[in-house]
Protein chains: 2
Amino acid sequence: MVFWKSLFNVAESNSAAPQANSAMVSIQTVGFDPPGKNPIVLSLNRDLDLYELEELCDAVGWARRPLRKLRKALQNSFLVVSMWEIRGKTRRMIGFARATSDGAFNATIWDVVVHPDFQGKKMGKALMKYLIKKIRSEDISNITLFADSHVVGFYDGMGFVEDPEGIKGMFWYPD
Amino acid sequence: MVFWKSLFNVAESNSAAPQANSAMVSIQTVGFDPPGKNPIVLSLNRDLDLYELEELCDAVGWARRPLRKLRKALQNSFLVVSMWEIRGKTRRMIGFARATSDGAFNATIWDVVVHPDFQGKKMGKALMKYLIKKIRSEDISNITLFADSHVVGFYDGMGFVEDPEGIKGMFWYPD
């Protein structure tokens, strides 16, 4: 509880105007398993080094995407959250997630990734909790995502429900 | 074929810059069942009369939403499409749909509605085809939606696939 409380107290002081907010939000390491010695921080800055983001996505085996389109996607996202390990004077991107939204009713979360070195250490949960908190602070009630089958359990543990009331996620395919 | 061809020829001449495009796009009545005598047009204008939109949503029994939030949602949507029946000098909103997007990879369709008087006459299909065409013209490949159980069949007939490769639509619920 100490961990979440400290995270969200910081988060709340940075709410509103997500499109312009570039604050780095420090996450207390309380409650983290190892590696845990280096500070972990979250950022809302969307002007990221795309090569660094690509490297993170490479590490989990995602297909590469054109950087021009990736830049556009970040700019047009409602929220962009990145997670960093601070090592002295350098920092390393270890997590990422973003959301599209109409700013009023619906937000949809995309591209949730945590570096394999940091998986199983509650980093993904911290990233998602922060993103959800930020979306909720904008008075958006409907938070959705499309989960690959092997991560349904992870999101289930975060309060996400699959196919509630029979609602089905659908993807369009060209003829 | 004549109907769709004429629809998309017109649509294509109005492509690009969806955020600013307020064109009225005429749909040929060719291929429509009755009522079919009055012209049906589509619009990309997002500056809609919200009371008229609310009336349309009332007609299908949707819960009312605060107009302030509805206005914000329309402004922040990537595309807003409305469908109108032209009766002499007046027009009546008979359909609506919108999409959120990052402008690059993903678009999600929300709030698809056709007035009960015009259901079963391929109006919903025309509305969706047009919205999909517009999204595709922006080079966005992943088009998604969340379908209530009773309309899964409708979207299935439009080229949407539920849970492809085991991907699940999920909704977040507060603790």
Side-chain angles (χ1 to χ4, degrees), chain A residues 19 65-66 68-78 80 98-111 128 131-132 135-136 138-152 154-156 158-175, chain B residues 19 65-66 68-78 80 98-111 128 131-132 135-136 138-152 154-156 158-175:
Chain A
Q19 298 280 352
R65 298 180 288 188
R68 179 188 57 80
K69 291 191 78 172
L70 189 54
R71 170 74 65 204
K72 191 175 180 187
L74 298 196
Q75 284 167 348
N76 289 322
S77 291
F78 181 68
V80 173
R98 64 187 178 94
T100 50
S101 178
D102 55 24
F105 301 119
N106 306 301
T108 309
I109 295 170
W110 306 96
D111 297 349
M128 285 296 295
L131 185 53
I132 291 167
I135 293 169
R136 295 268 291 174
E138 299 290 324
D139 195 24
I140 294 164
S141 50
N142 190 34
I143 306 176
T144 60
L145 54 78
F146 297 95
D148 284 334
S149 55
H150 67 283
V151 288
V152 165
F154 168 73
Y155 292 115
D156 191 46
M158 296 288 306
F160 284 87
V161 176
E162 65 179 272
D163 303 343
E165 299 173 49
I167 298 170
K168 301 299 288 186
M170 302 186 81
F171 288 66
W172 184 79
Y173 287 83
D175 293 332
Chain B
Q19 298 282 352
R65 298 182 288 188
R68 179 189 57 81
K69 290 192 76 171
L70 189 54
R71 170 73 66 204
K72 191 176 179 186
L74 298 196
Q75 284 166 350
N76 289 321
S77 291
F78 181 69
V80 173
R98 65 188 178 93
T100 50
S101 178
D102 56 23
F105 301 118
N106 306 301
T108 309
I109 296 170
W110 305 97
D111 296 349
M128 286 295 296
L131 185 53
I132 291 167
I135 293 169
R136 294 269 291 175
E138 298 291 322
D139 195 25
I140 295 164
S141 49
N142 190 34
I143 306 176
T144 59
L145 54 79
F146 297 96
D148 284 334
S149 54
H150 66 282
V151 288
V152 165
F154 167 72
Y155 291 116
D156 191 48
M158 295 287 305
F160 284 87
V161 175
E162 65 178 272
D163 303 342
E165 300 174 50
I167 298 170
K168 301 297 288 186
M170 301 186 82
F171 288 65
W172 184 79
Y173 287 82
D175 292 331

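What you see below is based on every heavy atom in this structure, not just the backbone, and it leaves out hydrogens, waters and symmetry mates. Computed from a prediction, not measured in an experiment: that's the story for all the values here. Throughout, a chain's letter reflects where its sequence line sits, starting with A, and its residues are numbered from 1.
B:Leu70 touches chain A through backbone and side chain together, each having a heavy atom under 4.5 Å away. For B:Asp111, no part sits under 4.5 Å from any heavy atom of chain A, backbone or side chain. Both the backbone and the side chain of B:Asp163 come within contact range of chain A, each with at least one heavy atom under 4.5 Å from a heavy atom of that chain. In this structure, chain B has no heavy atom under 4.5 Å from any part of A:Arg71.
Between chain A and the options B:Met158, B:Glu165, B:Arg65, heavy-atom pairs under 4.5 Å are most frequent for B:Arg65. Highest contact tally toward chain B, considering only A:Pro66, A:Ala73, A:Ala107, A:Pro174, is held by A:Ala73 [criterion: heavy-atom pairs under 4.5 Å]. The candidate with the highest count of non-hydrogen atom pairs below 4.5 Å against chain B, out of A:Tyr173, A:Phe105, A:Tyr155, is A:Phe105. Ranked by heavy-atom pairs shorter than 4.5 Å toward chain A, the options B:Ser141, B:Ala99, B:Gly159, B:Ser149 are led by B:Gly159. Counting heavy-atom pairs under 4.5 Å between each of A:Asp156, A:Leu145, A:Val151 and chain B puts A:Leu145 at the top. Looking only at heavy-atom pairs under 4.5 Å with chain A, the residue among B:Ile143, B:Ile109, B:Val152 that has the most is B:Ile143.
A:Phe154 contributes atom CZ, which lies 6.0 Å from atom CE of A:Met128 (distance to the nearest 0.5 angstrom). Here CG of B:Asp102 is found 6.5 Å from OG1 of A:Thr100. Values are rounded to the nearest 0.5 Å.
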- Query: Given the rule in the side chain to side chain contact (heavy atoms under 4.5 Å, CB included) test, do A:Arg136 and B:Trp172 qualify, once you have shown the distances and angles that lead to the verdict?
  - Reply: CA-CA 11 Å; A:Arg136 295 268 291 174; B:Trp172 184 79; 3.4 Å; yes
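Contact check for B:Asp139 versus A:Lys72: no side-chain heavy atoms found under the 4.5 Å cut-off. Considering only heavy atoms from C-beta on, B:Ser77 stays 4.5 Å or farther from B:Trp110 through its side chain. Looking at A:Ile140 and A:Ser101, their side chains come closer than 4.5 Å, going by heavy atoms from C-beta outward. Contact check for B:Phe146 versus B:Thr108: side-chain heavy atoms found under the 4.5 Å cut-off.
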